[in-house]
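Nothing here was measured: the structure is a model prediction, and the numbers come from that model. One-based numbering along the sequence shown.
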Amino acid sequence: MNDTLSPPHPTSTHAIPDGRLRPLLGASTPMARPRLALPESVRQGPCTVVSVVAPAGHGKTTLMAQWMTELRQKACACAWLTLDDSDNDPARFLRHLIAALQRSGIHAGDATLAHLSDTLASQFRSVTESLSVDLASSPQRLMLMLDDVHVLHEETVLDIVDWLLHYAPSHIQITLGSRDELPWRLGSLRVRGLLHEVDHRQLQFTEQEARSLCDQHVHLSDEDLHLLLHRTEGNPTALELACVVLKGHVSDANQVSRLIEQFVNSGQQAIPYLCEHLLQHQAPTWRKLVMSLSMLTRFDTELAREVSAQHDSGHLLTHLQGIRAFLIPTDGSGLSCRLHELPRACFKAHFLAQAPQDARDVLIKAAQWSWRTGATEEAMSYALEAQAWELATPWLASCMQDIAQKRGELQLALQWMNSIPAKWLDRFPQIRIDYAFALSFFPQKPEVATQLRALQAIRQRLAQSPQPDLRTIDQIDCAMAFQRVLSLGLTDQGHPARHAAKEWLARWPHAPALQRGIVGNVLCFGYKTTGELDEGLQMAQVARHWLEQDHAWYGLAWNASLEAVLQLKRGHYQQARSACLRGLQVIDQHLGGHRTHASVHHVLLAALDYEADDLGSAQRHMDHSLDSLAQYGGADILIVGWLTRARLRFAQHDVEGGLNVLHEGRTLALRRGLPRVLLSLVAETCVQLTRAGRHTEARTLARSQGLDSFPHEVSEQADNPYQDLLGGIQADRAQRVAARLLLPVKPAQVMQDLVKPIARCAQRGLIHQQIELLIIQAMAAQAGHHKTEARQALSQALELAAAHEHVRVFKDDETALRPLLNAWKPDGHAPQTQVLWQKLMRPACADNPDQPDGIASHGLTRRELAILQRLASGLSNKEIAEAIFISEGTLKWHLHNIYGKLGSKNRSGALAQARAIGAIP
């Protein structure tokens, strides 16, 4: 690996330039334009969106800044963000947006920022949801001003802005400044009177305004003024540039008129013509300085001196500062400036055409100066524009890890990589390695395959060289194998993931702790899939130690959920709960309590509470997780979540509701290509159908997945990476489904068939599965009039369940078990077994005691109150779902719970009751 070209990288942090968070206005005081005063509909608040769309130079920024000043005088908080092309990176855009909000005094986005710093699983829909919750909880009126939105084109960023426009809380107003037509659907806002629009026709100077502007520089006759206004089409910047040109001839009215006549009769566009005239009539030092500065996005006196080699650049900058059409401060002190975009573009084009090598030299000087001063992004931008690959490539190698992994700005990193020729990137394989690592949790992204192919090509070239760089080859092998391990884990391929993870850890035992911890997590998942639960729990402890060394908070949260899943599969509910609570503690303390990560643990806690028969707590945990479950959940979490969600419906005796939930989950599994999820939910559907006495439906559905025949042999080869993904899982599900299907007709056969599976569960420590099979065996014995065997099976199930808080597994089959439970004798059994039996004998009505009136007493969650407020606003179900980042199916789940808590059957009834208890105005 060639790293001789790489200079030392200065220590720097990502700071948002001050100029991005404030209006960038010229040095002179903007001219008052009363006819463009803040509209009453915006001032008073009913209008939530304002668009200011016009070509460059029409004064959009000036107008928005004047409005911001007026709004602040009305005690309205105002946030400003000037966008640039780099904001097409979703992480970067959100980081800048939150900085603007927080600078305005709005406390929002801390959790979002915490999540953005952990880029291994960034999900921008979810972090936008987190930000939306913060905005909704802030009562202060806010005007968010986004300038230069025409630079945005990335779909995720456009979606975030679209949500802000349509679903931000009503006390938040948004003004958009753009040179081009806005890409968002605004028709509904226009129809509802929520949109105020300003275009170029309104921003063009009137004759009276043009007279006021020109009189500040040169007195013109009415005819000359009219000609000048017509030629510039009322463009404020073009008018001011014309005044600058004419000001040099203010003492000769005839010369002024001749210049205007030449201008009017020229065939050039207005601003290029005026800029060219300025260049021709200025001193060489002035021209050289302006040409040099036109290559820079922003500069101060030191950088101006660096690129122009003029020691009097400070004096010349002071001269430029008096011309508002030229120089615009980019910070509060005025020490950092930039040229106005329109004249800058003209001067830059002229410089590139007349002296391309000199222009490139300016860019290289600016790049090197920026790198030395820690302005990494500006250095990269200048170097890439100059095509100075000898600078840009080693710089990218030194900062890729920070940009892509620590800050999560993947689009920006990819943009830089795509700008550098492949032959230069190949000299620094670490660039692709770091980028590939950042993409590890996005195995479906096409960039992953692209980078892996490039790395493979580099490896082949290095291996074929006379003196192979073994260290770099090993780094590439490690990165590619790491990608494969992650991809297998994230695509739910348990057996090959187990095999690949074990191989990786054996080959690279001294890899960074973070990477070892993540691979260790994948190995935990693999062990769970192969049923090696003890090995999985041991690996979880080892991986946890590695991740703690690197303070890898996301990895630790993931590790806790994996341990919880392993314990849940064993039926050790207390240990599973402890792991979940540990994971939530990590998320709260180090990931800002982020909902996506937390939802995984809430799903598991909901399942644990359900099994303990604490349905109220299970429901609350499920409400925390529903919003993220369908979009981001892995296979195990989807299975647990959809099973618990459906079982809560069945527990409320809502059979059709529960079946609908399972059908929704099966549809999701098909759409995402998750056969294990599909099989598990089909099995649960069959079980519930048999409980409802709908055996024909259950048998038909079971046959579609091969669950209708009892498997007498279960063959699993843990070390075989080519093991059928569904082999052991299908046999496991088929045992329970087929046994229930056979039970009404062949109970004796079911009793005998379950003997080996029960013994196998006991041997493997699968407590919950063993209890369920014992319950089915007890029901089969009861149906076959084998009372002694029935009591023995039930007693064994109760004893196991009592030791591990297994309650609901009995209540789910309450109808069939009631005669057995009534006849069961507690005498002679352990006290905890007797306590469980007494709990099962209690009447069901004790689960929902009457509550006094009031919002809290109705148990409405924060999310349910938000939904009620949206209902009151008249939004459709689809619009409400979009506004709060959930599917329509999930919204129906929430509505079902809201109606149940408020004792209503429909939307109108729920709204009436909500108003009666003060939940909504």
Thr530 side chain to Tyr527 backbone, donor-acceptor under 3.5 Å
yes
Anything under 30° is parallel, anything over 60° is perpendicular, the rest tilted; go ahead and classify His804 against His806.
perpendicular
Phe428 versus Leu396: any side-chain heavy-atom pair under 4.5 Å?
no
Geometric class of the Tyr573/His768 ring pair [parallel <30°, tilted 30-60°, perpendicular >60°]:
tilted
Test your reading of the model: is there a side-chain donor-acceptor pair from Ser487 to the backbone of Gln483, 3.5 Å cut-off?
no
Students often mix this up, so state it plainly: with edges at 30° and 60°, are the rings of Trp371 and Trp395 parallel, tilted or perpendicular?
parallel
Donor-acceptor under 3.5 Å (Gln730 side chain, Gln705 main chain)
yes
Regarding Glu503 and Arg507, does a basic nitrogen lie under 4.0 Å from an acidic carboxylate oxygen?
no
Apply ring-ring contact (aromatic ring centres under 6.0 Å, His included) to the pair Trp553 and His551, showing each step before the final yes or no.
CA-CA 6 Å; Trp553 307 122; His551 304 293; 5.6 Å; yes
So does Ala511 get a backbone contact from the side chain of Arg516, meaning a donor-acceptor N/O pair under 3.5 Å?
yes
Salt-bridged, Glu532 to Arg498, with N to O below 4.0 Å?
yes
Between Asp426 and Arg432, is the closest basic N to carboxylate O distance under 4.0 Å?
yes
Do the non-hydrogen side-chain atoms of Val519 and Leu523 ever get within less than 4.5 Å of each other?
no
What pair of heavy atoms forms the shortest contact from Cys761 to Gln770, and how long is it?
CB-CB, 3.7 Å
For Val522 and Ala497 the tightest heavy-atom approach is CG1-CB, 3.9 Å
Would you call Glu611-Arg577 a salt bridge at under 4.0 Å N-O?
no
Minimal non-hydrogen separation, Leu556 against Arg544, with atom names:
CD2-O, 3.6 Å
Carefully, step by step, assess Lys528 and Lys569 under the rule side-chain contact (heavy atoms from CB on, under 4.5 Å).
CA-CA 8 Å; Lys528 182 208 69 69; Lys569 188 173 179 66; 4.0 Å; yes
What's the shortest heavy-atom distance between Met622 and Arg645, and which atoms?
CE-N, 4.0 Å
Which residue in the set Leu674, Leu638, Val677, Leu681 passes side-chain contact (heavy atoms from CB on, under 4.5 Å) when paired with Leu668?
Leu638
On a heavy-atom basis, the closest approach of Ala392 and Leu384 is CB-CD2, 3.8 Å
Residue pair Ala579 / Ala560: nearest heavy atoms and the distance that separates them
O-CB, 3.4 Å
Under a 3.5 Å threshold, yes or no: a donor from one side chain and an acceptor from the other, between Asp474 and Trp508?
yes
Check: Asp89 side chain, Ala91 main-chain N or O, donor-acceptor pair, under 3.5 Å:
yes
Do we see a donor-acceptor contact under 3.5 Å between the side chains of Gln549 and His545?
yes
Any donor-acceptor pair under 3.5 Å linking the side chain of Asn559 with the backbone of Ala540?
yes
